[in-house]
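Source: prediction; values computed, not measured.
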Amino acid sequence: MGALDGKAVVVTGAGRGLGAAYARLAAAEGAAVLVNDVDADLALTVAAQITASGGQADVAVGTISTWDGAGAVVERCVEVFGAIDGLVNNAGIFRLAHPSQQDPDEFRAVIEVNLLGTAYCGLHAIRAMLAQGGGSVVNVTSGAHAGSAAMGAYGASKGGVASLTYCWAADLTGTGVRVNAVSPNAHTRMADTFEAYLGAAAKGQNVHKPPEQNAPAVIYLLSDAAAAVHGQVVRIDGDELSMIAHPVVQGTGAQDAEWTVEKVEAAFAAGAVGPISPVGLHRAQLDL
């Protein structure tokens with residue numbers, strides 16, 4: 001038996017790269033898959049690959065960055081397959097710019113697709129899942145939200161996705177609807193763009209990391225085997241599977257009933273406030 005036997009799953013941005021890998025493995029694990037992409041030819045190709053392999057697939061072409069567009073994708077899944085048991089919020093776009101050169105229209109486009117598209121699809125799916133008694137939403141975030149050069153728009157959008165995951169998990173605890181996120185790493189067109197923009201500073205972004213390497217963790221989170229996993233961000237980086245910590249208050253902090261600027265300065269100088277975190281995603285030092 002497959003991990004997703006009998007389930008109906010929507011994968012957005014599934015025409016290529018990571019989304020296509022998620023869609024193909026979901027189908028191989030028994031799910032009926034609704035393939036969404038803005039490019040009709042790409043979506044149809046992935047759906048045809050699934051059906052040729054003996055799986056079930058349908059296509060919903062169009063953008064998910066509007067409320068109605070996102071709703072149409074979820075409605076199509078319910079119409080064709082009778083339910084929506086899983087949603088992979090994968091669709092996203094990528095624009096690089098230094099803050100001094102950031103184009104405001106490009107910034108808006110990234111937020112609309114990556115954050116609003118995730119929010120709109122998730123809201124429609126959650127409502128349908130609550131009505132049917134359960135389901136699993138897997139959002140796609142990125143380590144870029146912890147800080148990465150030239151990724152202000154992208155990092156902000158993915159930080160918003162992480163926050164959505166935490167908040168929806170708090171809302172939905174005990175309902176049968178679970179919300180988690182993944183932070184994947186793969187050599188896709190996005191990695192190529194990153195390398196072309198930053199050159200040697202990109203350090204061979206995700207070389208030798210195929211999209212398919214990320215798919216098993218996504219399928220696990222969609223499955224009933226992950227019933228106890230809720231509100232988490234799972235990171236896949238080549239052969240490593242790990243967890244990204246939620247924002248935390250570090251240490252006990254400094255206390256004073258009447259803070260002044262001078263007292264704040266002194267607390268920082270003494271290290272009493274807590275450790276200063278490095279910029280970017282970093283590995284926590286655990287006391288074992």
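- Side chain of His246 to backbone of Tyr166: no donor-acceptor contact under 3.5 angstrom is found.
- In terms of heavy atoms, Val11 sits closest to Gly19 at CG1-O, 3.6 Å.
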Side chain to side chain contact (heavy atoms under 4.5 Å, CB included) between Val10 and Val88, intermediate numbers included: CA-CA 6 Å; Val10 172; Val88 183; over 6 Å; no
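- Only one option out of Val61, Asp58, Val46 pairs with Val35 in a side-chain contact (heavy atoms from CB on, under 4.5 Å); it is Val46.
- Between Arg95 and Glu112, none of the side-chain N atoms (NZ, or NE/NH1/NH2) sits under 4.0 Å from a carboxylate O, so this pair counts as no salt bridge.
- In the displayed structure, Glu265 atom CD is contacted under 6.0 Å by at most 12 heavy atoms of other residues, nucleotides or ligands.
- Here Asp37 does not pair with Arg16 in a salt bridge; the nearest charged N to carboxylate O distance is not below 4.0 Å.
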Salt bridge (Lys or Arg N to Asp or Glu O under 4.0 Å) between Lys263 and Glu258, intermediate numbers included: CA-CA 9 Å; Lys263 288 180 178 180; Glu258 297 182 1; 5.4 Å; no
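- Rounding to the nearest 0.5 Å gives a distance of 6.0 Å between CG of Asn114 and CD1 of Ile93.
- Rounding to the nearest 0.5 Å gives a distance of 10.0 Å between OG1 of Thr66 and CG of Leu116.
- With Ser136 contributing its side chain and Leu221 its backbone, the two residues share a donor-acceptor pair below 3.5 Å.
- Not a single donor-acceptor pair under 3.5 Å links the side chain of Glu240 to the backbone N or O of Gly238.
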Test side chain to side chain contact (heavy atoms under 4.5 Å, CB included) applied to Asn185 and Arg235, step by step: CA-CA 8 Å; Asn185 286 274; Arg235 183 172 184 257; 4.1 Å; yes
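- Leu281 and Ala146 make their closest contact through N-CB, 3.6 Å (heavy atoms, listed as atom of the first residue, atom of the second, distance).
- Under a 3.5 Å cut-off, the side chain of Asn214 and the backbone N or O of Pro184 do not form any donor-acceptor pair.
- Here the shortest heavy-atom pairing between Ala226 and Arg178 reads O-NH1, 2.9 Å.
- For residues 118-146, the pairs satisfying ring pair (Phe, Tyr, Trp, His ring centres under 6.0 Å) are Trp67-Tyr120, Trp67-His124, with sequence neighbours left out.
- Here the shortest heavy-atom pairing between Leu87 and Ala125 reads CD2-CB, 3.7 Å.
- Here the CD1-OG1 distance, from Ile64 to Thr118, works out to 6.0 Å after rounding to the nearest 0.5 Å.
- Using modelled atom types, one side-chain atom of Thr63 and one backbone atom of Ser65 make a donor-acceptor pair closer than 3.5 Å.
- In the hydrophobic clustering of ILVMFWY residues, with side-chain heavy atoms under 4.5 Å counting as a link, Ile276 and Val273 come out together.
- Here Leu4 contributes atom CG and Asp224 contributes atom CG; the two are 8.5 Å apart, rounded to the nearest 0.5 Å.
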Evaluation steps, side chain to side chain donor-acceptor pair (under 3.5 Å), between Asn36 and Thr12: CA-CA 5 Å; Asn36 162 256; Thr12 68; 4.7 Å; no
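- Judged by distance alone, the side chain of Ser148 and the main-chain N or O of Met151 form no donor-acceptor pair under 3.5 Å.
- Using a 4.5 Å heavy-atom cutoff, the side chains of Val110 and Glu106 are not in contact.
- When the side chains of ILVMFWY residues are joined at heavy-atom separations under 4.5 Å, either directly or via intervening members, Val182 and Ile126 end up in two distinct hydrophobic clusters.
- Taking both residues in full, the closest heavy atoms of Ala3 and Ile219 are given as CB-CG2, 4.3 Å, listed atom of the first, atom of the second, then distance.
- No side-chain heavy atom of Gln56 sits less than 4.5 Å from a side-chain heavy atom of Val33.
- Remark: Lys7 does not engage Glu29 in a salt bridge, criterion side-chain N to carboxylate O under 4.0 Å.
- Side-chain contact between Val179 and Val138 is absent, with no heavy atoms from C-beta onward closer than 4.5 Å.
- Residue Asp237 holds its CG atom at 3.5 Å from NZ of Lys209, rounded to the nearest 0.5 Å.
- Looking at Gln255, its side chain does come within 3.5 Å of a backbone N or O of Thr252 through a donor-acceptor pair.
- Asn180 places none of its side-chain heavy atoms less than 4.5 Å from the side chain of Val137.
- The number of heavy atoms from other shown groups lying within 6.0 Å of CE (Met243) is above 12.
- Residues Thr175 and Leu130 have side chains in contact (heavy-atom distance under 4.5 Å, counting atoms from C-beta outward).
- Considering CZ of Phe107 and OG of Ser157, their distance stands at 8.5 Å, rounded to 0.5 Å.
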Verdict with reasoning, Val229 to Tyr220, per side chain to side chain contact (heavy atoms under 4.5 Å, CB included): CA-CA 10 Å; Val229 184; Tyr220 166 73; 3.7 Å; yes
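- Judged by distance alone, the side chain of Gln132 and the main-chain N or O of Ile84 form a donor-acceptor pair under 3.5 Å.
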Working for side chain to side chain contact (heavy atoms under 4.5 Å, CB included), residues Leu34 and Arg76: CA-CA 8 Å; Leu34 187 76; Arg76 178 67 180 172; 3.7 Å; yes
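- The shortest heavy-atom contact between Val140 and Lys158 is O-NZ, 2.9 Å.
- Counting only N and O atoms by type, the side chains of Gln250 and Ser277 include a donor and acceptor under 3.5 Å apart.
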